[in-house]
Amino acid sequence: MAVKKRRKRRRSRARRSGDRRQLLPVLAAVFLIVIILIIMLINYLVKKYSPSDERMDLYSYFNLEQGDEAAVILEDELTELRARIMDGEAYVTTDFLYEYLNQRFYWDAKENLLLYTTPTEVITANVGSNEYTVAKEKHTETYVPVKVDGDTAYVALKYIQKYTAMEFEVMTDEVNRVHIQRAFGTADTVTVKKDARVRFEPNIKSPILTDAAKGDLLYVLPQTEETELPEDWTRVRTGNGFIGYIRNKYLGEKGQETKEPNYQDPEYPSIRKDYTINLAWHQVTNADANNTVLEAIAKTKGLTTISPTWFFLNDNEGNIDSLASQTYVNYCHQNGIEVWALVEDITHADTIVNYEILSRTSSRQRLVNNLIAKAIEFDLDGLNIDFEYINEDSAKGYLQFIRELSIMCRLNGIVLSIDNYVPAAHNLIYNRTEQGIVADYVIIMGYDEHYSGSEEAGSVASIDWVRKGIENTLKEVPPEKVINAVPFFTRLWEERPKTEEELASESENEEFVPYVLSSKAYGMDGADRVLSENGAEKTWSDEYGQYYAEYTAEGNTYKIWLENEDSIELKAALIREYNLAGIAAWKLGLERQDIWDIILRYVN
């Protein structure tokens with residue numbers, strides 16, 4: 001019995017021993033799994049909370065391919081603009097130059113010249129040469145200021161910097177890039193207190209853009225709307241052209257850096273009259289019409305300036321037609337009246353092809369020389385430029401013409417005035433701001449609110465429209481240079497009902513207008529005669545600042561907004577209200593004599 005019990009105990013111990021031997025591998029496996037899980041957790045936590053070492057692909061960051069192109073950091077913004085690195089120098093296109101750096105340069109694609117105009121001279125650089133000319137004196141650079149590749153011209157930033165308030169830095173160490181700074185003054189800075197990394201986005205997992213070493217100076221930038229900025233991050237620009245984010249714990253002393261511009265735009269001296277200008281245009285269509293000046297002036301009072309329509313562009317080479325008369329000038333001078341001869345582009349517009357005359361330097365400067373020669377020959381006091389067909393393609397050439405003409409006028413004591421439409425979206429290309437810098441006077445043609453080609457009848461110059469034209473001009477030109485022109489004419493509008501044939505021929509897509517509109521211009525007395533002959537009564541309109549009349553004759557409706565003593569007085573009063581340089585009027589012979597007494601109340 002005892003033996004049986006011992007055998008049973010031995011078998012039980014063996015089973016327990018076997019069970020333990022079987023359990024050990026299981027425990028080992030469990031232990032290993034736990035260890036693995038712990039390691040995985042540690043790796044996860046390390047990965048989650050440790051900064052990434054991944055570096056940003058810089059070609060992707062700058063959106064560049066390998067080659068001579070360079071990314072452009074303009075001020076504190078990484079742009080899609082491109083420069084080119086050629087022969088170790090950074091170049092930008094002329095379009096880039098105009099839009100972002102300096103509009104006063106002019107690229108002549110026809111004659112391969114780059115011009116820059118100062119108050120006294122035109123500086124010229126030829127394509128492919130390291131020489132440029134200042135007042136006929138040659139200067140030499142170690143680089144080529146202007147290069148051409150195909151149809152595209154490139155200008156060296158070093159050359160642009162000679163005449164532009166700007167700083168730039170070219171970097172080619174990792175990726176070609178250029179940082180250009182046009183804004184000067186005070187910038188917020190911060191010093192790096194220990195080695196750090198600047199990242200693409202404000203988190204430690206974002207790719208590294210560049211390293212920031214202890215002592216580096218960073219420029220503090222405002223936060224963008226696109227990215228939410230955590231409190232412990234700062235947006236910065238590094239000295240080597242990267243814009244990204246750095247953790248505040250790596251930043252030390254804050255400060256400011258003040259930079260003064262390397263170049264000051266020159267001041268353009270202006271001829272300024274010490275009296276309020278009272279100018280009138282005198283339309284001269286042939287040499288015999290000059291003889292009417294005696295009668296025209298005799299009817300005026302207080303006229304300080306007369307502008308006869310004497311000079312006309314007649315080809316694309318810079319030649320002009322002239323109706324100038326020395327007798328005319330002498331008579332005006334004897335009566336204390338200055339002569340500012342008008343130069344216009346209207347009479348021979350059909351022979352001026354796309355304003356090639358202005359786009360080519362040779363023809364443009366020939367035009368300038370011809371005008372100045374006539375001004376000197378006839379002892380003119382000024383020139384009045386009235387170019388009304390400028391378009392987007394000719395706008396740059398037009399402004400360059402004004403700049404170059406201003407030099408010669410300035411050197412010869414000749415007043416330069418420029419006629420302009422009332423500001424509107426379609427005529428911003430005239431660039432009144434630049435005109436107001438280089439010219440002596442900017443004249444607003446404060447009429448043609450409704451003109452011969454208008455699709456509806458209306459006032460030639462309602463008072464609110466005139467006021468708005470003055471206010472918008474003053475946003476671009478200082479008041480001491482602004483002259484507002486008033487109309488001595490009005491338009492009688494005829495609305496003739498369309499015939500059945502005309503109505504039937506109209507397209508269904510056209511806006512329905514039941515009449516054919518036309519108009520005819522009248523002077524003040526002529527307009528009153530028309531109303532008298534047709535028994536029409538005029539009523540005053542505070543809205544328009546004019547008398548309005550309407551009548552019917554032979555089935556047609558006639559409408560007119562009158563210019564007379566009352567409407568002209570409202571417009572003349574604006575000269576004092578806005579402290580303008582003076583008043584002008586189109587044109588002599590259409591006014592009543594007592595208009596001059598009214599104008600004198602506001603120009604004396």
Side-chain angles (χ1 to χ4, degrees), residues 103-104 119 265-281 302-307 337-338 340 342 381-387 398-399 402-403 405-406 409-410 413-425 427-449 460-488 545 567-586 595-596 598-604:
Q103 292 186 355
R104 203 159 281 160
D265 285 334
E267 290 191 15
Y268 283 74
S270 295
I271 299 174
R272 188 84 72 251
K273 300 301 177 182
D274 59 0
Y275 51 82
T276 304
I277 292 169
N278 184 7
L279 178 150
W281 284 289
L303 193 69
T304 65
T305 314
I306 193 168
S307 181
I337 297 173
E338 289 199 344
W340 297 1
L342 182 142
D381 305 284
L383 291 171
N384 174 235
I385 307 303
D386 184 48
F387 285 8
Y398 170 70
L399 279 174
I402 296 299
R403 294 187 191 105
L405 181 60
S406 79
C409 285
R410 198 172 292 112
I414 299 166
V415 174
L416 176 60
S417 62
I418 317 293
D419 298 340
N420 283 271
Y421 299 109
V422 167
N427 59 46
L428 297 178
I429 56 174
Y430 277 81
N431 198 334
R432 278 166 285 266
T433 300
E434 183 74 350
Q435 289 184 35
I437 293 171
V438 304
D440 299 306
Y441 292 101
V442 173
I443 301 178
I444 310 169
M445 296 184 290
Y447 42 82
D448 283 347
E449 177 182 3
V460 168
S462 63
I463 188 61
D464 286 345
W465 182 82
V466 172
R467 179 185 294 276
K468 184 177 179 181
I470 292 173
E471 291 175 348
N472 286 338
T473 299
L474 292 178
K475 294 175 183 177
E476 303 176 87
V477 184
E480 64 271 16
K481 283 194 170 190
V482 175
I483 297 172
N484 188 61
V486 301
F488 283 166
S567 66
I568 293 298
E569 181 160 17
L570 288 178
K571 296 176 178 67
L574 299 177
I575 308 304
R576 280 191 181 174
E577 181 179 342
Y578 291 99
N579 296 312
L580 303 185
I583 192 170
W586 177 267
I595 287 292
W596 297 103
I598 291 169
I599 290 176
L600 280 177
R601 297 173 192 168
Y602 299 95
V603 299
N604 283 343

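Sequence positions, counted from 1, serve as the residue numbers for this chain.
Here the side chains of Ile444 and Val422 are in contact, with some heavy-atom distance below 4.5 Å. Side-chain contact between Ile483 and Ser417: absent, with no pair of heavy atoms (C-beta onward) separated by less than 4.5 Å. Using a 4.5 Å heavy-atom threshold, the side chains of Asn420 and Glu476 count as separate. Within the 4.5 Å cutoff, side-chain heavy atoms of Arg601 are placed close to those of Glu569. Side-chain atoms of Glu434 and Gln103, non-hydrogen and from C-beta on, never get closer than 4.5 Å to each other.
Residues that satisfy the ring-ring contact (aromatic ring centres under 6.0 Å, His included) test with Trp465, not counting sequence neighbours, are absent from this structure. In this structure Tyr602 satisfies the ring-ring contact (aromatic ring centres under 6.0 Å, His included) test with no other residue, sequence neighbours excluded. Applying the side chain to side chain contact (heavy atoms under 4.5 Å, CB included) rule to Ala424 yields the partners His426, Asn427; only residues at least two apart in sequence or on another chain are considered. The side chain to side chain contact (heavy atoms under 4.5 Å, CB included) search around Ala485 returns Trp281, Ile443, Tyr447, Ala584, not counting sequence neighbours. For Ser406, the side chain to side chain donor-acceptor pair (under 3.5 Å) criterion is met by Arg410, not counting sequence neighbours. Tyr430 is linked by a ring-ring contact (aromatic ring centres under 6.0 Å, His included) to Tyr398, Tyr421, counting only residues two or more places apart in sequence or in another chain. With sequence neighbours excluded, the residues that form a side chain to side chain contact (heavy atoms under 4.5 Å, CB included) with Ile463 are Leu570, Lys571, Leu574. Every residue two or more places apart in sequence or in another chain was checked for a side chain to side chain donor-acceptor pair (under 3.5 Å) with Thr304, and none qualifies. Evaluation of the side chain to side chain contact (heavy atoms under 4.5 Å, CB included) rule for Asn472 yields Pro423, Lys468, Lys475 as partners, not counting sequence neighbours. Every residue two or more places apart in sequence or in another chain that forms a salt bridge (Lys or Arg N to Asp or Glu O under 4.0 Å) with Glu338 is listed here: Lys273. Remark: Thr305 pairs with no residue by the side chain to side chain donor-acceptor pair (under 3.5 Å) rule, at least two apart or across chains.
From Ile599, atom CD1 reaches atom CD1 of Ile583 across 4.5 Å, with rounding to the nearest 0.5 Å. Atom CG of residue Leu416 and atom CH2 of residue Trp340 lie 9.5 Å apart, to the nearest 0.5 angstrom. Rounded to the nearest 0.5 angstrom, Phe488 CZ and Ile568 CD1 are separated by 6.0 Å. Summarising the geometry, atom CG belonging to Leu580 is positioned 6.0 Å from atom CG belonging to Leu474; distances are rounded to the nearest 0.5 Å. How far CD1 of Ile437 is from CD1 of Ile402: 13.5 Å, rounded to the nearest 0.5 Å. With rounding to the nearest 0.5 angstrom, the CG atom of Leu279 is 7.0 Å from the CG atom of Leu303.
In this structure a side-chain-to-backbone donor-acceptor pair under 3.5 Å is present from Glu449 to Ser462. In this structure, the side chain of Asp440 engages the main chain of Ile271 through a donor-acceptor pair within 3.5 Å.
Residue pairs satisfying the side-chain hydrogen bond (donor to acceptor under 3.5 Å, both in side chains) criterion with at least one member in residues 573-584, sequence neighbours excluded, are listed as follows: Arg467-Glu577, Arg467-Tyr578, Glu471-Tyr578.
Pro487 approaches Ala461 most closely through the heavy-atom pair CG-CB, 3.9 Å.
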